[in-house]
Colleague: 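Below you will find the structure I want to go over with you.
Residue numbering restarts at 1 for every chain, and letters A, B, ... go by the order of the sequence lines. It should be emphasised that the depicted structure is a prediction, and the values quoted were computed from it without experimental measurement.
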Protein chains: 2
Amino acid sequence: MGSCDSCLVRNRAICAALDAKELETLNAIGRRRELHAGESLIWEGEESILVANVIEGVLKLSTGTQDGREQIVGVVYPSEFFGRPFGTTSNHGVTALTDARVCVFSRRDFDAFARGHPALEHKLLERTLGELDRTRRWMLLLGRKSASEKIASFLLETADRLVEPGCKVHPDAHATRMTLPFSRQQIADVLGLTIETVSRQFSHLKHEGVIDLPSRRDVVILDREALVAEAG
Amino acid sequence: MGSCDSCLVRNRAICAALDAKELETLNAIGRRRELHAGESLIWEGEESILVANVIEGVLKLSTGTQDGREQIVGVVYPSEFFGRPFGTTSNHGVTALTDARVCVFSRRDFDAFARGHPALEHKLLERTLGELDRTRRWMLLLGRKSASEKIASFLLETADRLVEPGCKVHPDAHATRMTLPFSRQQIADVLGLTIETVSRQFSHLKHEGVIDLPSRRDVVILDREALVAEAG
DNA sequence: CGCGCATTTGAATACTTTCAACTATTGTGG
DNA sequence: CCACAATAGTTGAAAGTATTCAAATGCGCG
């Protein structure tokens, strides 16, 4: 229980860069942690104490203004890494969107370990570069897209990232039905909109027959082409 | 001419991680390139052929929609690195905002060199993590701030990044007068606004006595406190 | 089964954009 | 060096889109 051997994301996480012996060392400095939906692990502005890998569940990275406006700046799925290695302060909070399990490391321990293992640092670099690309693409959405384009883009991206990547047969598979790990307010915080605007756009897409909404959290994509066209 | 020895940003760029001998090797695979304002070095969507360090000048990273809307997703100043190492495609274009000099490497050569030099990869990782932090902070601006808050934030950030970092005496120095490396349209593309809105906000700040605008490209910050308050 | 809270829907408002005209700056050729 | 053309920026008015405020609906949990 809780060892790297039995880890669900063992070969997808950055740990895949390590051999058996190194993994043992890493195992010694890490520990499992369970989080309930809504629970935070890292707070914006605080000292960067820990970093982690997601084993199961979905978490959000967010920042806010003093007067309470919030912006979700990243969403972390299983096998992904979060936290701020090699830095003193955390620039955004990290909160579980669903119940989650993560593999946590003291930042200092992790930093020291990573410095001695270039293969791990390389994996981390590749992931960070990829995350930066994804984040920059999201800036186009925030700065230049209309509400309807934002919603369509959001549904497509979420459908893609939510598919369990275990299935190698269809590497480009898209979920056609999904249970969103987000409330309406959280969707608004991802897209830079208000909850009312999100709701109206969902209703509109439903009336157009592009999606179906069996329950609050479930979405069925009926017409993917239409969504792609709408995404701009 | 054009060797690492005489490089203006020699000890600020990632190259600072290398010793004399390694630098010589790196020097052999890199070459200097001059760019005129408006000239592009990398195009969005194309194969990632090269990466580079900025020696002098300012460049923008940008993406756009098919119908011509543009969003600037990053601004690169002297000593900073750009391009997409360890990846096949460039996700955003890179264009000089001012005349510029850069130190270019073939991506393949750079990747190979970096793989063999963990200290260089480490520096690159630290920079990438820092850039990701900065980018995520910008998302709060794009998603949640009003036009006036955006303009104030933009002026403060630009004033900070524009100061030559040579001056060690005042590490937190802010420029009080600056020549913007951006046209009004480019400011609009950074902030997700239209050129008219940018212009109106500038005029408003001027009439309020918060800034002065001696010429199109020059800004004098008269009341920094007011700008900070306005930035939200 | 009913209560509480998330979500939806409606109407009025506010902000940014769009379209259009005007002004100023820069650069060019006579 | 000046005149003028081209480009960049400013300003105004009208329109459009998302927000705000308010009320209603309905899902999900006890």
Colleague: Strictly below 4.0 Å, N to O, side chains only: are B:Arg144 and A:Asp189 in salt-bridge contact?
Modeller: yes
Colleague: In this structure, how many angstroms lie between the P atom of C:dT8 and the CZ atom of A:Phe202, rounded?
Modeller: 8 Å
Colleague: Rounded to the nearest 0.5 Å, how far apart are OG of A:Ser153 and CG of A:Leu191?
Modeller: 8.0 Å
Colleague: Between C:dT16 atom P and B:Leu141 atom CG, what is the distance in whole Å?
Modeller: 12 Å
Colleague: Using 0.5 Å steps for rounding, measure from the CG atom of A:Leu227 to the CD1 atom of A:Ile221.
Modeller: 5.5 Å
Colleague: Would you say B:Ser203 reaches D:dT11's phosphate, i.e. side-chain N/O to OP1/OP2 under 4.0 Å?
Modeller: yes
Colleague: Across nucleotides 18-30 of chain D, 5' to 3', mark each nucleotide with B, S or - according to how protein heavy atoms within less than 4.0 Å reach it.
Modeller: SBBB----BBS--
Colleague: When the distance from CG of A:Asp189 to P of C:dA6 is rounded to whole Å, what number comes out?
Modeller: 14 Å
Colleague: Whole angstroms only, please: what is the NE2-P distance between B:His204 and D:dG12?
Modeller: 13 Å
Colleague: Please determine whether a side-chain nitrogen of the Lys or Arg among B:Asp160 and B:Arg134 lies less than 4.0 Å from a carboxylate oxygen of the Asp or Glu.
Modeller: no
Colleague: Roughly what angle, to 10°, lies between the helix axis at the start of the helix from C:dC1-D:dG30 to C:dG30-D:dC1 and the one at its end, five pairs per end?
Modeller: 40°
Colleague: Just checking, is any N or O donor in the side chain of A:Gln71 or A:Thr63 under 3.5 Å from an acceptor N or O on the other one?
Modeller: no
Colleague: Are side-chain N/O atoms of B:Ser148 and B:Gln201 paired as donor and acceptor at under 3.5 Å?
Modeller: no
Colleague: Given atom CD1 of B:Ile187 and atom C1' of D:dT10, what is their separation to the nearest angstrom?
Modeller: 14 Å
Colleague: Figure out the NE2/C1' separation between A:His207 and C:dT9, and round it to whole Å.
Modeller: 10 Å
Colleague: Write down the distance between CD (B:Gln185) and C1' (D:dA8), rounded to a whole number of angstrom.
Modeller: 11 Å
Colleague: Measure CG/B:Asp218 against P/D:dG9 and give the value in whole Å, please.
Modeller: 13 Å
Colleague: Tell me which donor-acceptor pairs under 3.5 Å the side chains of residues 51-62 of chain B have, and how far apart each pair is, sequence neighbours excluded?
Modeller:
residue, atom, partner, partner atom, Å
B:Glu56, OE1, B:Arg101, NE, 3.1
B:Glu56, OE1, B:Arg101, NH2, 2.8
B:Lys60, NZ, B:Glu70, OE2, 2.9
B:Ser62, OG, B:Glu70, OE2, 3.3

Colleague: Does A:Arg216 pair with A:Asp218 as a salt bridge, N-O distance under 4.0 Å?
Modeller: no
Colleague: Given the ring of A:Phe81, does A:Arg127 sit roughly above its face, with NZ or CZ under 6.0 Å from the centre of the six-membered ring and within 45° of the axis?
Modeller: no
